Each structure stands twice: as structure tokens, then as C-alpha cells.
Amino acid sequence: MNKKHATLFKILLALFALNSITLYLYFSSSHHHHDNRRDTTAEGFPAIIPHRGPHLSKPWPIIPSYLPWSLTSNVPSKSCEAYFGNGFTKSADVLPAKAAVRSGSSWFRCHYSWTLRSSICEGGKIRMDPGKIKMSRGGEKLEDVIGRTEDEEMPEFEDGAFEVEAEGRGSRSKTKKLVGEEFLNEFLPVGNVVKHTMRELVRSIVVVGETDFTCQEWVEEPTLLITRFEYANLFHTVTDWYSAYVSSRVTGLPNRPHLVFVDGHCETQLEETWKTLFSSLRYAKNFSGPVCFRHAVLSPLGYETALFKGLSEDIDCQGASAHDLWQRPDDKKTARLSEFGEMIRDAFGFPVNRHHSDKTVSGHYNILFVRREDYLAHPRHRGKVESRLSNEQEVFDSLQKWASDHQECKVNLVNGLFAHMSMKEQVRAIQDASVIIGAHGAGLTHIVSATPNTVILEIISSFFRRPHFQLIAQWKGLEYHAINLDGSYANPGVVIDRLNKIMKSIGC
């Protein structure tokens with residue numbers, strides 16, 4: 001090795017050593033910082049505060065129907081984007097974030113939608129005291145709480161159930177409400193909601209001074225605070241899923257958030273999807289004491305989503321592809337429900353680029369018959385579902401014989417016994433179906449995850465004529481057919497005749 005090379009080698013060796021020392025100092029300093037998070041107690045002595053973390057947050061998936069959620073002030077009221085996307089155009093900074101960054105205190109703001117008449121609220125450095133929330137513990141096994149009333153499961157908030165810190169505030173004896181009735185009426189109107197728990201949560205927030213804001217546990221990751229009502233019903237749960245998804249996107253969360261249920265409901269099968277869609281799940285009463293959130297988002301009630309409001313008001317929107325809307329924006333079209341359906345499929349590990357042609361590679365057309373079965377849904381349920389199709393088994397048996405005798409193409413009739421299938425199996429059955437058929441019932445809400453070109457055939461009893469699934473199909477751009485019954489009995493021949501026409505239309 002000549003002198004020049006030797007000098008160069010020594011320089012590289014010195015740089016390597018310097019870099020190693022720098023990395024060691026950085027990581028040891030970072031480790032020290034995270035393991036010794038300090039807060040100031042009322043006595044003024046520093047105390048080491050335990051905290052959750054690091055806790056892995058799931059990334060957002062890459063899905064073909066995604067369109068940007070960045071807010072633009074020109075989203076027209078009552079447009080499809082205002083109903084299904086980011087129409088939260090009016091904001092109020094109750095505790096400004098800029099001041100919070102300067103002082104290290106809390107921040108809080110609400111984003112209001114004129115179209116939905118509801119708000120998404122969020123804040124930083126928010127303290128929750130589960131001891132001041134009156135409700136059952138939540139998350140129990142269903143069989144352990146049979147007979148428990150709904151009132152026991154719904155939250156009632158004492159003043160101070162939630163707290164924020166403001167610069168210059170005095171002692172706890174002089175606490176002040178964060179917002180008054182005027183703000184609540186403007187940003188969180190009751191509307192048609194009998195018990196508006198999000199409004200009551202915000203009403204309970206009090207402002208305290210720095211010396212009174214103490215935390216024994218910190219949640220570092222962005223967290224959605226959610227209260228569910230009809231938590232065992234798939235349709236209403238999908239409205240909650242969608243509200244949580246929209247809240248996450250509107251507030252620009254970099255990853256899928258963690259969840260805290262601010263209710264006392266027991267476990268249901270539907271929790272599988274909550275945990276799959278988002279990063280983690282806890283019940284508010286499962287915390288051992290007061291807990292502080294670095295970033296908390298208050299998700300609107302499912303009743304305040306377009307999915308539910310469409311049952312009582314005209315939402316004139318048609319489903320379209322994100323590609324078409326990106327090139328030709330249209331206030332009367334939306335791809336948001338398709339985006340959400342792809343989010344569900346991706347979360348369960350299914351491909352999101354599959355279309356109708358992919359389903360028939362093997363030469364088979366899957367026809368999914370969504371069944372209604374008896375099952376125990378919640379502590380007040382008797383285990384019996386109300387029949388919407390009195391001769392469902394007869395119709396299924398007739399379709400099974402029709403499928404086995406079908407000559408034009410191979411037809412596979414799938415028995416959709418969803419009450420006895422995992423959520424992943426249910427979503428797989430939906431995505432693999434060329435045609436989905438069933439009586440009006442919550443199980444048909446799964447069509448929100450159906451792929452493009454799936455055809456829907458709903459059998460509707462004269463006792464249950466509501467537009468839930470016709471609307472979801474419309475907002476997703478799916479072909480929809482209905483057989484309206486006189487009563488609850490369906491003539492199997494009529495069902496088969498309608499199905500034959502559908503099969504011909506899709507190339508069978």
C-alpha cells in the first residue's frame with residue numbers, strides 16, 4: 001500500500017470511528033429521553049411517568065380508489081364529496097395549536113360539516129379520567145353479562161371526565177369549561193340523535209392549570225375515541241367504521257390510528273374487523289387510572305354519516321371510479337365507498353385490484369346467498385332473528401338445484417351462513433361473488449366491500465322496505481335488482497327467473 005492510499009485509509013477509518021461515536025451518543029440520548037419522561041406534579045417535584053410505547057401503528061394501504069383528502073374550501077355543500085369525503089370546511093380553534101407549541105399546553109379544535117351537520121374534533125395533551133365516566137367496564141364475554149341493560153353500557157360524563165391544560169390557568173378550584181352551550185349548539189348540534197354522547201363528552205372537558213394537569217400514563221400514538229350504539233348490528237357498525245375512517249383521513253393521521261371505545265359494551269364478533277382495520281383497541285374502563293393522549297380524535301357517531309342519513313334524506317350520488325373522477329371531477333359522483341371497501345379488503349389481506357373477470361378464471365361464477373340465522377347478538381337479545389323471508393330454506397334449495405343443472409356456464413352457489421363464519425371468511429365470500437343475493441338484512445351491508453361489476457339481488461319483504469342496500473349499491477356504482485314481495489314469501493321460480501336474466505347479462 002503506497003503512502004497516498006495509507007493516508008486515505010486512515011481518513012476513512014477516522015470518519016467511521018467518528019460516525020460510530022455520534023450514533024452511540026444519539027441513540028443513548030434518545031433512549032434516556034424515552035425511558036425518563038417527566039411531568040411536574042402538584043407538589044412541584046419531578047416524577048417519572050410510565051407510558052405506552054413504542055406501539056406499532058399500521059401504515060395506510062395503497063389502494064386504487066384512493067383520492068386525496070386534503071381540504072379545499074370550495075367543496076360545495078350537499079355535493080358527494082361533502083357527504084362522503086372531506087366536507088368539514090368550517091374550523092374552530094378553541095385552544096390554538098400554535099400557542100400550544102410555544103407553551104407546551106393543550107390544543108383543541110373542531111371541524112364542522114354544513115352538509116352532515118356534525119363535527120370531527122381533535123386535540124393534543126388531553127387527559128381522560130375513566131373514574132368520572134359512569135358506565136360498565138366493557139369488553140366482557142357476552143355470556144358473562146346476559147341481561148345487562150343498555151343504559152348501563154352507555155357513558156355518562158361528569159365534569160372533568162376529560163381535561164386540557166391552558167397556559168396561565170390557576171388552581172383546580174377555579175376550573176373552567178372548555179366550551180359553552182353556544183359552541184355545542186353550533187358545532188355539535190343534537191339533531192335527531194336522542195343521546196349525543198360526543199356532545200356530552202366535549203361538554204365535560206374542563207380547563208386546568210399546569211400544576212393540576214398530571215398524568216400517570218401517556219398514549220403517544222394518535223388515538224380515536226369512539227362511542228358505539230347498535231354495536232352488534234353490522235349495518236350500524238359499518239357506519240361507525242366509516243366515521244372512524246373519515247375522521248382519520250380528515251385529520252391527516254400519518255398511520256392508522258389506535259382506538260379507545262368510550263362505551264361499556266361487551267365483546268362481539270365485529271371487534272375482529274375493528275382490530276384489523278385499525279392499529280389497536282382498548283376500552284376506556286380498561287385503563288387503570290387517568291390517562292393522557294398526545295393526540296386524540298373524537299369520531300362522530302355513526303348516525304351522523306351519509307350511510308345513515310341517506311335513509312331519511314335524498315343523497316343523489318352515483319358511484320364512479322377514482323380514475324374517472326381524478327380526470328373529470330363531478331359533484332354528483334363519488335369513489336369514497338369504493339375506497340373504503342378496498343381498505344377493508346386490504347386489511348384482511350385480500351387483493352384490491354380484482355374485478356369481475358378475475359372471478360371467473362376457473363370458469364365458475366360464484367353466487368353468494370346471504371342467509372339470516374339465529375344467533376345471540378348482545379346481552380338483551382334472545383338469540384332469534386326476525387324472519388324477512390319466511391321460506392328462505394326453500395328458496396336456497398331451489399337455487400342449489402338450479403345451479404347444479406345450469407348448462408350455460410358453471411355456477412357455484414355459496415351458502416352464506418355469516419353468523420358462523422369469521423369476518424375474514426365473510427369478506428372473502430363477498431369479494432369472490434359475481435352475484436350477491438339475500439333477503440333484506442344487516443348481512444347485506446357487506447356489499448360495501450364488493451368488487452366492481454358485482455351484481456346485487458335483494459329480496460324485500462313488504463314489511464321491511466327500506467333502501468339501505470339499494471343506496472350502498474348506488475353509491476358504489478354496483479348493478480342492483482330487487483324482488484319486492486307481497487308479504488314475506490318468495491316464489492322460488494320468480495327468483496330463479498330473475499337470476500337467469502342476471503347471469504345472461506354478465507356473460508353466462
Side-chain angles (χ1 to χ4, degrees), residues 37 39 41-42 47-53 55 106 108 121-142 144-145 148-165 172 175 177-179 188 195-209 212-229 231 240 244 247 257-268 271 274-275 278-301 378-379:
R37 188 177 305 277
D39 189 32
T41 64
I48 297 176
I49 303 301
H51 66 286
R52 281 180 56 212
H55 199 110
S106 304
F108 190 88
C121 297
E122 60 175 330
K125 201 174 183 182
I126 295 180
R127 181 180 188 265
M128 178 181 75
D129 186 350
K132 293 185 177 181
I133 306 174
K134 183 183 176 182
M135 63 185 178
S136 48
R137 180 174 176 80
E140 308 93 342
K141 298 295 183 185
L142 172 57
D144 293 337
V145 293
R148 186 167 67 188
T149 66
E150 187 173 15
D151 286 343
E152 292 177 85
E153 298 179 346
M154 298 308 298
E156 292 183 11
F157 304 100
E158 296 179 24
D159 288 351
F162 289 82
E163 293 180 350
V164 291
E165 176 195 317
R172 187 176 293 277
T175 56
K177 287 290 192 75
L178 176 65
V179 298
L188 295 163
K195 185 178 175 66
H196 201 302
T197 50
M198 182 178 171
R199 177 187 171 102
E200 295 306 309
L201 187 159
V202 175
R203 177 188 270 125
S204 79
I205 303 175
V206 299
V207 183
V208 300
D212 290 324
F213 192 91
T214 58
C215 290
Q216 300 306 311
E217 181 177 1
W218 280 93
V219 176
E220 299 296 328
E221 309 86 2
T223 302
L224 262 59
L225 306 183
I226 294 169
T227 301
R228 304 161 298 156
F229 279 77
Y231 64 102
D240 287 331
S247 299
H258 300 259
L259 307 179
V260 171
F261 284 162
V262 188
D263 61 52
H265 301 311
C266 65
E267 281 187 346
T268 71
E271 279 192 25
W274 281 109
K275 293 173 182 177
F278 300 98
S279 289
S280 73
L281 169 62
R282 292 183 74 175
Y283 284 79
K285 284 285 191 179
N286 291 173
F287 289 96
S288 58
V291 59
C292 292
F293 299 94
R294 292 292 178 193
H295 186 185
V297 178
L298 309 184
S299 182
L301 305 177
H378 55 75

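All values reported here derive from a predicted model rather than from experimental measurement.
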Rounded distance [0.5 Å steps], [atom1] in [X] versus [atom2] in [Y]:
X	Y	atom1	atom2	answer
Ile205	Met128	CD1	CE	12.0 Å
Glu163	Cys292	CD	SG	8.5 Å
Phe261	Asn286	CZ	CG	11.0 Å
His196	Leu201	NE2	CG	11.0 Å
Ile126	Thr223	CD1	OG1	10.5 Å
Glu158	Ile133	CD	CD1	9.5 Å

- Query: What class does the angle between the rings of Trp218 and Phe213 fall in, given that below 30° is parallel, 30 to 60° is tilted and above 60° is perpendicular?
  - Reply: tilted
- Query: Where do Phe162 and Val164 land on the side-chain contact (heavy atoms from CB on, under 4.5 Å) test, with the steps shown first?
  - Reply: CA-CA 7 Å; Phe162 289 82; Val164 291; over 6 Å; no
- Given Glu220 and His258, is the side-chain contact (heavy atoms from CB on, under 4.5 Å) satisfied, shown in steps? CA-CA 10 Å; Glu220 299 296 328; His258 300 259; over 6 Å; no
Nearest heavy-atom neighbours spanning [X] and [Y]:
X	Y	answer
Thr214	Arg127	O-NE, 2.8 Å
Phe157	Thr197	CE1-O, 3.5 Å
Lys177	Val206	CD-CG1, 4.2 Å
Arg282	Glu217	NH1-OE2, 3.5 Å
Ala244	Trp274	CB-CZ3, 4.2 Å

- Does the pair Met198 and Cys121 meet the rule for a side-chain contact (heavy atoms from CB on, under 4.5 Å), with working shown? CA-CA 9 Å; Met198 182 178 171; Cys121 297; 3.9 Å; yes
For the residue pair [X] and [Y], establish whether any side-chain heavy-atom pair is separated by less than 4.5 Å.
X	Y	result
Val219	Phe287	yes
Tyr231	Asp263	no
His265	Met154	yes

- Query: Quick check: does any side chain N or O of Thr227 sit under 3.5 Å from a backbone N or O of Val262, one acting as donor and the other as acceptor?
  - Reply: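 Between the backbone of Val262 and the side chain of Thr227 there is a qualifying donor-acceptor contact (under 3.5 Å).
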- With sequence neighbours left out, which residue pairs that include part of residues 198-208 fulfil the side-chain hydrogen bond (donor to acceptor under 3.5 Å, both in side chains) condition? Glu181-Arg199, Glu181-Arg203, Asn185-Arg199, Glu200-Arg203
- Message: List the residues meeting side chain to side chain donor-acceptor pair (under 3.5 Å) with Ser247, not counting sequence neighbours, and say none if there are none.
- Response: Ser299
Show me the donor-acceptor pairs within less than 3.5 Å that the side chains of residues 134-142 make with the rest of the protein, sequence neighbours left out.
| from | atom 1 | to | atom 2 | distance (Å) |
| --- | --- | --- | --- | --- |
| Ser136 | OG | Glu152 | O | 3.3 |
| Ser136 | OG | Gly264 | O | 2.8 |
| Arg137 | NH1 | Lys285 | O | 3.1 |
| Glu140 | OE1 | Arg148 | NH1 | 3.4 |
| Glu140 | OE1 | Arg148 | NH2 | 3.0 |
| Glu140 | OE2 | Gly138 | N | 3.0 |
| Glu140 | OE2 | Arg148 | NH1 | 2.9 |
| Lys141 | NZ | Glu267 | OE1 | 3.2 |

